Amino acid sequence: PIPSIEYTTAETMIWENVLQKLLELYPTHACKEYLDAFALFNFVPNHIPQLQELSEVLQKHTGWNIRPVAGLLHPRDFLNGLAFKTFHSTQYIRHGSNPMYTPEPDICHEILGHIPLLADSKFSDLAQVIGMA
């Protein structure tokens, strides 16, 4: 299993802020496939999902899994993971001083930007093919 992270109250508040803002934008800015897949995860403002929870949803729907990483990977390593239905994800969260921006992918970016579409079979199949290319 993927190790769990005990997020602080301050970190959870950052997650809540980002999630709430994006929930306002998704109805007019996200595609149907994203919205359908997003609903499978039951995200809530007061809980930053653990990667293990998310990996189990992906495994059930498309056979994908998540592997935690400490930071950015070399593109070849990242693409290699995609070829094997593995999404590498950070677990740290952005700084609270600017919650709608992060210079590097953080848990909000990974969870709200990438992971839902990996529960869509057409998108996840495409991601795998890109990884194999």
Side-chain angles (χ1 to χ4, degrees):
I2 300 169
S4 292
I5 301 295
E6 290 187 36
Y7 293 102
T8 66
T9 301
E11 289 171 328
T12 302
M13 288 177 64
I14 295 166
W15 162 260
E16 181 176 353
N17 185 332
V18 173
L19 178 62
Q20 295 289 17
K21 180 62 176 174
L22 292 177
L23 286 174
E24 293 171 15
L25 297 172
Y26 286 156
T28 56
H29 291 75
C31 66
K32 179 188 181 312
E33 292 79 6
Y34 180 91
L35 296 172
D36 290 346
F38 185 87
L40 299 172
F41 293 92
N42 300 312
F43 297 128
V44 294
N46 64 346
H47 171 70
I48 301 173
Q50 297 292 327
L51 294 184
Q52 184 63 43
E53 300 167 25
L54 303 172
S55 193
E56 289 168 6
V57 172
L58 293 180
Q59 192 64 226
K60 176 182 174 184
H61 290 279
T62 57
W64 278 68
N65 64 75
I66 299 171
R67 177 172 286 164
V69 293
L72 287 173
L73 293 178
H74 186 279
R76 188 66 246 159
D77 294 329
F78 182 79
L79 291 169
N80 185 60
L82 298 182
F84 292 95
K85 293 187 170 189
T86 299
F87 181 77
H88 292 96
S89 175
T90 57
Q91 290 180 287
Y92 60 85
I93 194 160
R94 62 192 63 191
H95 193 271
S97 64
N98 191 357
M100 295 311 292
Y101 172 77
T102 181
E104 291 187 357
D106 73 329
I107 194 73
C108 295
H109 172 90
E110 309 288 26
I111 292 175
L112 300 171
H114 296 293
I115 290 173
L117 274 174
L118 292 173
D120 177 85
S121 60
K122 289 180 182 175
F123 181 88
S124 64
D125 288 350
L126 175 62
Q128 184 179 22
V129 169
I130 290 169
M132 292 187 296

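All values derive from a computational prediction rather than experimental measurement.
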Novice: Would you compute the distance between atom NE2 of His95 and atom CD of Glu11 and round it to the nearest 0.5 angstrom?
Specialist: 10.5 Å
Novice: Taking the side chain as every heavy atom from C-beta outward, state whether Gln128 and Leu82 have any pair of such atoms under 4.5 Å apart.
Specialist: no
Novice: Would you say Leu40 and Tyr26 are hydrophobically clustered, going by side-chain heavy atoms of ILVMFWY under 4.5 Å?
Specialist: yes
Novice: Is the shortest side-chain heavy-atom distance between Glu104 and Tyr92 below 4.5 Å?
Specialist: yes
Novice: Heavy atoms only: give me the nearest Gln91-Pro3 pair and the separation to one decimal.
Specialist: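 Of all heavy-atom pairs spanning Gln91 and Pro3, the closest is NE2-O, 3.2 Å.
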Novice: Taking the six-membered ring for Trp, are His109 and His114 parallel (under 30°), tilted (30 to 60°) or perpendicular (over 60°)?
Specialist: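 Geometry flag for His114 against His109: perpendicular rings.
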Novice: Counting only heavy atoms from other residues, nucleotides and ligands, does the tally under 6.0 Å from CD of Glu6 exceed 12?
Specialist: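 Check fails, neighbour count at 12 or below.
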Novice: Would you mind listing the cluster partners of Val129? Hydrophobic ones only (ILVMFWY), side-chain contacts under 4.5 Å, chaining allowed.
Specialist: Met132
Novice: Measure the spacing between OG1 of Thr102 and CD1 of Ile107 and express it to the nearest 0.5 Å.
Specialist: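 It is 11.5 Å, given to the nearest 0.5 Å.
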Novice: I need the Ile48 CD1 to Ile5 CD1 distance, nearest 0.5 Å.
Specialist: 10.0 Å
Novice: Measure the spacing between CD1 of Ile2 and OG of Ser89 and express it to the nearest 0.5 Å.
Specialist: 8.0 Å
Novice: Looking only at heavy atoms, which two atoms of Pro99 and Gly96 are closest? And how far apart?
Specialist: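 Looking at all heavy atoms of both residues, the closest pair is CD-O, 3.4 Å.
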Novice: With a 3.5 Å cut-off and sequence neighbours excluded, list the donor-acceptor pairs that the side chains of residues 115-124 form with protein atoms.
Specialist:
unit_1, atom_1, unit_2, atom_2, d
Asp120, OD2, Lys122, N, 3.3
Asp120, OD2, Phe123, N, 2.9
Ser124, OG, Asp120, O, 3.1
Ser124, OG, Ser121, O, 3.2

Novice: With no hydrogens and no angle check, is any side-chain donor or acceptor of Asp106 less than 3.5 Å from a backbone partner on Ile93?
Specialist: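 A pair under 3.5 Å: no.
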Novice: So how far is it from Phe87 CZ to Trp64 CH2, rounded to the nearest 0.5 Å?
Specialist: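 Result: 8.5 Å between the selected atoms.
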Novice: For the side chain to side chain donor-acceptor pair (under 3.5 Å) test, which of Lys60, Gln52, Gln59 pairs with Glu56?
Specialist: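 For Glu56, the side chain to side chain donor-acceptor pair (under 3.5 Å) check succeeds only for Gln52.
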Novice: Drop me the distance from Ile66's CD1 to Lys85's NZ, to the nearest 0.5 angstrom.
Specialist: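 Output value for this atom pair is 14.0 Å.
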Novice: Please answer: with hydrophobic residues joined when any side-chain heavy atoms are less than 4.5 Å apart, are Phe84 and Leu73 in the same cluster?
Specialist: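 As far as the 4.5 Å side-chain criterion goes, Leu73 and Phe84 are not connected within one cluster.
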Novice: On a heavy-atom basis, which atom in Cys108 and which in Arg94 lie closest, and how many Å separate them?
Specialist: CB-NH2, 3.5 Å
Novice: With a 4.5 Å cut-off on side-chain heavy-atom distances among I, L, V, M, F, W and Y, is there a chain of contacts connecting Phe43 to Leu25?
Specialist: yes
Novice: Table please: side-chain donor-acceptor pairs of residues 12-21 below 3.5 Å, with sequence neighbours left out.
Specialist:
unit_1, atom_1, unit_2, atom_2, d
Thr12, OG1, Thr8, O, 3.0
Trp15, NE1, Val44, O, 3.0
Trp15, NE1, His47, O, 3.2

Novice: If you look at every heavy atom in Pro105 and Glu110, which pair is closest and at what distance?
Specialist: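 That closest heavy-atom pairing would be CB-OE2, 3.7 Å.
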Novice: May I ask whether Ile111 and Met100 are part of the same hydrophobic cluster, defined by side-chain heavy atoms of I, L, V, M, F, W, Y residues being less than 4.5 angstrom apart, directly or through others?
Specialist: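 Yes, one cluster joins them.
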